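Working notes, structure below.
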Number of protein chains: 2
Amino acid sequence: MLPLEVLERAQAELLCYGDTGMSVMELGSDSPEFKQILQDAEDGLRKLMNIPGNYKILFMQGGASSQFAAIPMNLLSSHQCADYVLSGQVSKKAYDEAKKYGDIVIAASSGGASPPYSTVPVTKRSDFRPDADYVHICYNNTVYGTKFHYAPDTGNIPLVADMTSCILSEPIDVTKFGLIYAGAEVNVAPAGITVVIVRSDLIGGARPDTPSTLDYKKLVDNTSAYDSTSIWCIYMAKLVFEWILSIGGLDEMKRRNEKKASLLYDYLDGPGDYYTSPVDKKCRSMMNVAFHTWDGELDKKFIKEAAEHGLINLAGNAGVGGMCASLYNSMPYEGVELLIKFMKEFVKNNPKITK
Amino acid sequence: MLPLEVLERAQAELLCYGDTGMSVMELGSDSPEFKQILQDAEDGLRKLMNIPGNYKILFMQGGASSQFAAIPMNLLSSHQCADYVLSGQVSKKAYDEAKKYGDIVIAASSGGASPPYSTVPVTKRSDFRPDADYVHICYNNTVYGTKFHYAPDTGNIPLVADMTSCILSEPIDVTKFGLIYAGAEVNVAPAGITVVIVRSDLIGGARPDTPSTLDYKKLVDNTSAYDSTSIWCIYMAKLVFEWILSIGGLDEMKRRNEKKASLLYDYLDGPGDYYTSPVDKKCRSMMNVAFHTWDGELDKKFIKEAAEHGLINLAGNAGVGGMCASLYNSMPYEGVELLIKFMKEFVKNNPKITK
């Protein structure tokens with residue numbers, strides 16, 4: 001979802017951006033307007049996330065999954081080894097891709113939890129190899145509804161975090177991370193760009209066979225324009241950043257997201273055992289709320305009837321089952337109220353059978 | 001530039017696509033609407049270019065420059081060597097990137113022409129190594145205003161062509177090529193996707209360390225959705241394909257483009273030596289018309305005053321100098337008339353001084 005105000009602004013400006021007489025989509029990559037949009041987007045994100053000057057911001061193409069390869073290709077340097085923390089299938093996918101490029105090990109995993117990945121690993125500094133070039137985590141685990149509520153202590157080892165499904169949902173301390181990346185499609189902009197926030201000292205060590213469009217140094221030197229960046233997506237990101245700043249920044253965003261998530265979690269934790277949240281309470285995500293009914297077959301009925309009521313995308317991942325409600329930044333509080341209203345009606349219409 | 005009809009359609013549908021109640025930009029990659037747009041775009045391009053069933057169509061991210069790496073990573077197989085034909089700086093860039101991945105040689109080059117790259121090499125089969133995995137050319141050379149008017153005979157060696165700046169400008173025989181690729185930003189859609197048309201037998205041989213988002217096989221298996229494809233750009237491409245089909249397809253597109261280019265070339269070839277086209281007449285591009293005045297300093301004045309008259313982006317590349325008028329598909333005939341009108345006025349206001 002994107003904020004309605006943002007979509008309306010984009011619609012109004014679609015045919016003619018400013019006084020250019022052309023659409024944003026038609027701006028040449030060497031035009032001053034293009035460069036200004038890129039600069040505005042960077043400035044907006046830097047202000048929103050309070051990103052220090054020693055971090056570069058890149059708007060790259062390829063989706064977060066391109067970073068699964070770009071990160072080891074750029075960051076595996078002195079020791080050619082990195083440690084991965086598994087907290088779901090996305091982090092597993094990042095781990096599998098990284099194995100192509102160096103000595104990659106799983107330092108910790110919550111795959112053995114019951115149900116699998118219903119919590120995130122609690123790590124200590126000694127879990128990581130002292131010579132690891134970086135440690136990788138997935139900060140928010142969409143289909144499992146879990147989230148790291150702490151940044152693992154990695155000592156001097158750069159911490160790399162996939163924040164695709166939680167970026168801009170609340171303030172975070174960027175300085176705890178060596179690199180943060182996020183596919184735009186959740187809270188930033190339409191799919192098509194990936195935000196990479198990387199500490200300057202980690203740039204410049206890419207292996208020689210790194211494709212130029214994945215080489216952070218080349219992108220920095222070309223202000224993200226090396227690979228025909230999608231100016232439309234960056235423009236949409238700029239509008240989203242301005243929207244969040246206009247409502248009060250990430251503190252207000254967090255307040256709204258907490259209010260939405262609490263409403264749903266409080267209902268799940270309330271009386272009755274019709275609905276259950278399988279997630280370790282300490283690791284609950286504000287963005288993705290996983291739950292299921294007392295019966296697997298009933299879950300399918302719930303998802304089908306919810307969709308008929310306009311409540312779509314509630315199906316949990318095939319491998320996980322159950323339901324997963326995504327309460328991303330653009331989801332209004334009223335959307336959660338509607339979901340709970342439907343959940344209550346569903347209980348009435350489908351009374352629990354004691355087997 | 002994009003066709004006005006296309007932009008107006010996109011504007012009208014921006015807030016609500018069909019009866020989805022959401023913007024195209026908000027469609028989930030697993031939604032039926034997303035899949036239908038992807039299918040419609042593929043069908044539209046297949047019909048427009050008459051692409052046989054044994055060719056796959058991929059809408060990839062990263063810009064054409066990502067393909068500079070993806071092509072050798074996917075196609076260097078049996079012999080790990082490929083031959084490149086240099087016809088400008090873009091093909092040189094592709095050559096330099098490919099050298100990271102195998103034994104790459106320059107089979108022919110027009111860099112020695114006067115002025116450099118003012119023509120394209122004429123090649124014969126014996127110019128290419130028999131064991132080359134592929135031969136690479138840049139079909140249209142933007143800043144030089146040249147174009148291949150033939151597909152080099154490479155025998156059984158797959159011919160790979162960068163058609164970024166000429167795709168969809170006229171019908172071409174796809175079967176003469178093993179792989180055709182084009183950054184969308186010229187004639188297809190806004191920047192953000194790259195069209196790859198690849199013969200099926202060339203898919204599946206990617207080197208083990210190929211990033212998954214650049215592996216043609218993985219993209220085919222995931223219907224282009226592996227890397228959070230920009231559905232907005234693919235939707236815009238679909239609208240552009242429908243627009244070209246509606247006006248009569250590539251035969252009509254070619255007729256319009258030839259009419260535009262002839263108008264300008266005829267004026268350049270006309271009486272007087274105020275303006276000159278430096279390009280070998282046999283290799284003139286329909287998309288990019290390179291020319292200059294009788295004086296280098298005057299060129300700068302021309303470009304500046306043309307911009308003041310709303311005729312922008314006429315500056316030739318820094319390394320090439322002079323002017324380059326891009327007459328892409330969306331440029332109307334009237335645009336060329338305006339340019340020539342300005343050129344005539346400029347002659348009046350800046351009479352030639354005989355030194």
Side-chain angles (χ1 to χ4, degrees), chain A residues 1-2 4 7-8 10-12 14-15 20-31 60-70 73 93 96-97 100-101 164 183-185 189-194 207-214 226-233 236 310 312-313 330, chain B residues 1-2 4 7-8 10-12 14-15 20-31 60-70 73 93 96-97 100-101 164 183-185 189-194 207-214 226-233 236 310 312-313 330:
Chain A
M1 286 179 73
L2 287 157
L4 183 60
L7 286 171
E8 286 172 342
Q11 183 178 42
L14 190 136
L15 288 182
T20 61
M22 62 179 89
S23 172
V24 166
M25 291 182 265
E26 302 176 296
L27 294 174
S29 59
D30 53 0
S31 67
M60 292 176 64
Q61 289 194 60
S65 41
S66 275
Q67 295 305 314
F68 296 166
M73 290 186 117
K93 204 170 153 194
D96 288 334
E97 183 83 352
K100 297 176 180 175
Y101 309 103
T164 297
E185 60 272 22
I193 53 170
T194 295
R207 48 190 275 161
D209 62 357
T210 304
S212 297
T213 55
L214 295 181
Y226 181 90
D227 60 346
S228 311
T229 310
S230 170
I231 187 61
W232 177 257
C233 290
M236 290 299 297
I312 57 171
N313 298 329
S330 306
Chain B
M1 285 179 74
L2 288 158
L4 184 60
L7 287 171
E8 286 172 341
Q11 182 179 43
L14 190 136
L15 288 182
T20 62
M22 62 179 91
S23 172
V24 166
M25 292 181 265
E26 301 177 297
L27 294 174
S29 59
D30 54 359
S31 67
M60 293 176 64
Q61 291 193 60
S65 41
S66 274
Q67 295 304 315
F68 296 168
M73 290 186 116
K93 204 169 152 193
D96 288 335
E97 183 83 353
K100 296 176 180 176
Y101 308 104
T164 297
E185 59 271 24
I193 54 170
T194 295
R207 50 190 273 161
D209 61 358
T210 304
S212 297
T213 54
L214 294 181
Y226 181 90
D227 59 346
S228 311
T229 311
S230 171
I231 187 60
W232 176 258
C233 291
M236 291 299 297
I312 57 172
N313 299 329
S330 307

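Any value given below was found using the heavy atoms of this structure, including those in side chains, with hydrogens, waters and symmetry copies removed. On a predicted model such as this, the values are computed, not experimentally measured, just so you know. First the proteins, then the strands, lettered A, B, ... as listed; each starts at 1.
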Provide the closest heavy-atom pair for [X] versus [Y] in the form atom of the first, atom of the second, distance.
X: B/E26; Y: A/L2; answer: OE2-N, 2.6 Å
X: A/P211; Y: B/L214; answer: CG-CD1, 3.9 Å
X: A/A191; Y: B/T229; answer: CB-O, 3.5 Å
X: A/W232; Y: B/L14; answer: CZ2-CD1, 4.1 Å
X: A/S66; Y: B/T213; answer: OG-OG1, 2.8 Å
X: B/M25; Y: A/L7; answer: CE-CD2, 3.8 Å

*Contacting region of B/Q11 [heavy-atom separation from chain A under 4.5 Å]*: both

*Please identify each residue that fulfils side chain to side chain contact (heavy atoms under 4.5 Å, CB included) with A/L4, with sequence neighbours left out.*
A/E8, B/L15

*asked:* Tell me every residue that passes side chain to side chain contact (heavy atoms under 4.5 Å, CB included) with B/S31, counting only those two or more places apart in sequence or in another chain.
replied: B/L27, B/E33, B/F34

*Between OG of B/S230 and CD of A/Q61, what distance do you get to the nearest 0.5 Å?*
8.5 Å

_Pair A/K100-B/S212, side-chain donor/acceptor within less than 3.5 Å_ = yes

_Which atoms of A/A12 approach chain B - backbone, side chain, both or neither, heavy atom under 4.5 Å_ = backbone

*Using a cut-off of under 4.5 Å on heavy-atom pairs, state which of B/E185, B/M73, B/M22 scores highest against chain A.*
B/E185

